[in-house]
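For reference, the structure is listed below as structure tokens.
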Protein chains: 2
Amino acid sequence: MHMARAGLTADRVTLAGAELADEVGLEHVTMSAVARRLGVKDASLYAHVRSLEDLRGRIALLAADEKTIRIAEATAGRAGKDALVAYANAWRQYAHDHPGRYTATQIPIQIDPELVARAAGPRRAVELTYSMLRGYALEEPDLTDAVRLMRSTLHGFTSLEAAGGFAHARPAEDTWVRCLDALHTLLEHWPTHDEGDSA
Amino acid sequence: MHMARAGLTADRVTLAGAELADEVGLEHVTMSAVARRLGVKDASLYAHVRSLEDLRGRIALLAADEKTIRIAEATAGRAGKDALVAYANAWRQYAHDHPGRYTATQIPIQIDPELVARAAGPRRAVELTYSMLRGYALEEPDLTDAVRLMRSTLHGFTSLEAAGGFAHARPAEDTWVRCLDALHTLLEHWPTHDEGDSA
DNA sequence: AGGAAGAATCTAGGGCTCCTAGGAAAACTC
DNA sequence: GAGTTTTCCTAGGAGCCCTAGATTCTTCCT
């Protein structure tokens, strides 16, 4: 008699937490709530996950992996502005589809280093940005700066959009398209260094 | 005998919460912690603040006000790239000086509307961006798009920087300066619409 | 098949948090 | 100085995080 095993595992717990985050917001992802969703007592989760903070970190890494995969698929075989647009749209779409997971991405890094080492997501994400920008003729350190600008703008836009930062006057979608245009032309005409600040 | 009155008020509670947020992080701002810092029992706070969520909202509005004031002071009497740089530096500096308050800014809006109406911060912030960008020859709707791009990039950069998103290879400071250059030239050569997508 | 070893889950409980209800004490008003 | 209002308190319920130790399920060995 009695219940069959729930078949928990660190990954299943993380997934349940991620789903919950998308549904009710990351701040409402609690041990008890995840346990309830899995039909299990909260104490049972601690065999698979060290703490709530650990769980949040795992959700963040899961999100980073998923987002990276989406971007990789979207940009595969594309170059130039095509690649830029595909990259950016995949980023934004992921944030829309998985708002809870995406906000997990933003938490200041306090994740088990061993776990981070095993997750390829964040590292590959940066690499993808680099290779996507290789279509534009940028040399280091301009390339690094461009990568950072790129990531800042995409993150800032999706983040502000999710927080309701854009008043309704003009559709965010239209602004998005124009911003991508702007970024593209900016990357094509990246201001070179020796102008005004060198002796 | 007994204690003298603590002299609490909604603003004093909010300020204590804001200070605590800067010291230990917004997620550790609890009713009990704020009460302890004020030398008071946690139940006493509920005479001034509706709930923890309400308190967080008040901290967010306080931060928005303060940030706006700093930006206004920094850009006063400046124009063009001067104004742009002053604006951006004030933004970033505020995030550095008050990390807890700044992250409060990012919480999805769920603040008492009556409170929001009384706080001029967020509205003035957008107005300031508009007037700062008037130096560049932009017409609507390009102006709105530029404002949004501007805010997205600044928010994204400071947010990623605070989260440790920039590996140590190149100093974030250098990238920052170059990004402002890039934004400036972008605003001067904002891509006009009728190119490629109109019939 | 029987039983030992190991893993997964549960029960019990401590400490902390948010928040409410109602009482005591200070400050203000006249 | 008495009454009113405001400020702060004590008391307590409900929920959450997490630990310790018991219990049940699986697996695997012989």
Side-chain angles (χ1 to χ4, degrees), chain A residues 1-60 100 103-104 107-108 110-112 114-115, chain B residues 1-60 100 103-104 107-108 110-112 114-115:
Chain A
M1 288 316 108
H2 306 101
M3 302 293 294
R5 280 280 168 87
L8 292 190
T9 185
D11 286 347
R12 284 181 60 79
V13 173
T14 304
L15 185 60
E19 291 169 356
L20 202 57
D22 288 337
E23 292 168 15
V24 301
L26 183 67
E27 70 279 12
H28 295 118
V29 173
T30 73
M31 284 291 159
S32 338
V34 173
R36 273 193 298 273
R37 160 179 276 256
L38 290 169
V40 141
K41 298 296 173 185
D42 57 348
S44 307
L45 301 181
Y46 289 85
H48 309 280
V49 154
R50 220 188 302 278
S51 68
L52 175 61
E53 193 152 331
D54 181 38
L55 173 59
R56 283 180 143 99
R58 287 170 187 268
I59 294 174
T103 67
I107 64 179
Q110 50 200 356
I111 311 177
D112 183 355
E114 177 224 343
L115 216 65
Chain B
M1 285 317 108
H2 306 101
M3 303 292 293
R5 280 280 168 87
L8 292 190
T9 186
D11 286 347
R12 284 183 60 81
V13 173
T14 304
L15 185 60
E19 291 170 357
L20 201 57
D22 288 336
E23 291 168 15
V24 302
L26 183 67
E27 70 279 11
H28 295 119
V29 173
T30 73
M31 285 291 159
S32 337
V34 173
R36 274 193 296 272
R37 161 180 277 255
L38 289 168
V40 143
K41 298 296 173 186
D42 57 348
S44 307
L45 300 180
Y46 289 85
H48 309 280
V49 155
R50 221 188 302 277
S51 68
L52 176 61
E53 192 152 331
D54 182 38
L55 173 59
R56 283 179 145 100
R58 287 169 188 269
I59 294 174
T103 67
I107 62 180
Q110 50 200 356
I111 311 176
D112 184 355
E114 177 224 344
L115 216 65

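What you see is a predicted model; the values in this text were computed from it and never measured. These numbers come from the heavy atoms of this one structure, side chains and all, not from hydrogens, waters or symmetry mates. Within every chain, numbering begins at 1; the chains are lettered A, B, ... in the order of the sequence lines, protein sequences first and strands thereafter.
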Checklist line | Minimum-distance pair of heavy atoms, taken over all atoms of V29(A) and L52(A) | finding: O-CD1, 3.5 Å
Next item on the list: Figure out the NZ/C1' separation between K41(B) and dA25(C), and round it to whole Å.
Entry: 16 Å
Notebook entry, point to check: If you look only at pairs with a residue in residues 8-18 of chain B, which of them pass as a salt bridge (charged side-chain N to carboxylate O under 4.0 Å, His left out), with sequence neighbours excluded?
Noted result: none
Margin query: From CZ of R50(B) over to P of dT20(C), roughly how many Å is that when rounded to an integer?
Written below: 10 Å
Notebook entry, point to check: What nucleic acid atoms does A47(B) come within less than 4.0 Å of, heavy atoms only: base, sugar-phosphate, or nothing?
Noted result: nothing
Next item on the list: Identify the two heavy atoms, one from T14(B) and one from A10(B), that lie closest to each other, and give their separation to 0.1 Å.
Entry: OG1-O, 2.7 Å
Next item on the list: Mind calculating the distance between CD (E53(A)) and C1' (dC18(D)) to the nearest angstrom?
Entry: 14 Å
Write out a two-atom table: protein N or O, nucleotide N or O from nucleotides 15-17 of chain D, distance below 3.5 Å.
unit_1  : atom_1 : unit_2 : atom_2 : d
dC16(D) : O5'    : S32(A) : OG     : 3.4
dC17(D) : OP1    : M31(A) : N      : 3.1
dC17(D) : OP2    : M31(A) : N      : 3.0
dC17(D) : OP2    : S32(A) : N      : 3.0
dC17(D) : OP2    : S32(A) : OG     : 2.9

Next item on the list: Take atom CG of L55(A) and atom C1' of dC18(D), then tell me their distance rounded to the nearest Å.
Entry: 14 Å
Note to self: On the nucleotide dT7(D), are OP1 or OP2 found under 4.0 Å from the side-chain N or O atoms that S44(B) carries?
What the structure shows: no
Next item on the list: Determine the minimum heavy-atom distance between V34(A) and G17(A), stating which atoms define it.
Entry: CG2-CA, 4.0 Å
Margin query: Please report the distance, rounded to the nearest Å, between NE2 in H48(A) and C1' in dT9(C).
Written below: 8 Å
Notebook entry, point to check: Which heavy atom in L26(B) sits nearest to a heavy atom in I107(B), and how many Å separate them?
Noted result: CD2-CG2, 4.4 Å
Notebook entry, point to check: Which salt bridge (charged side-chain N to carboxylate O under 4.0 Å, His left out) pairs, counting each pair once, include a residue from residues 36-47 of chain B, with sequence neighbours left out?
Noted result: E19(B)-R37(B), E23(B)-R37(B)
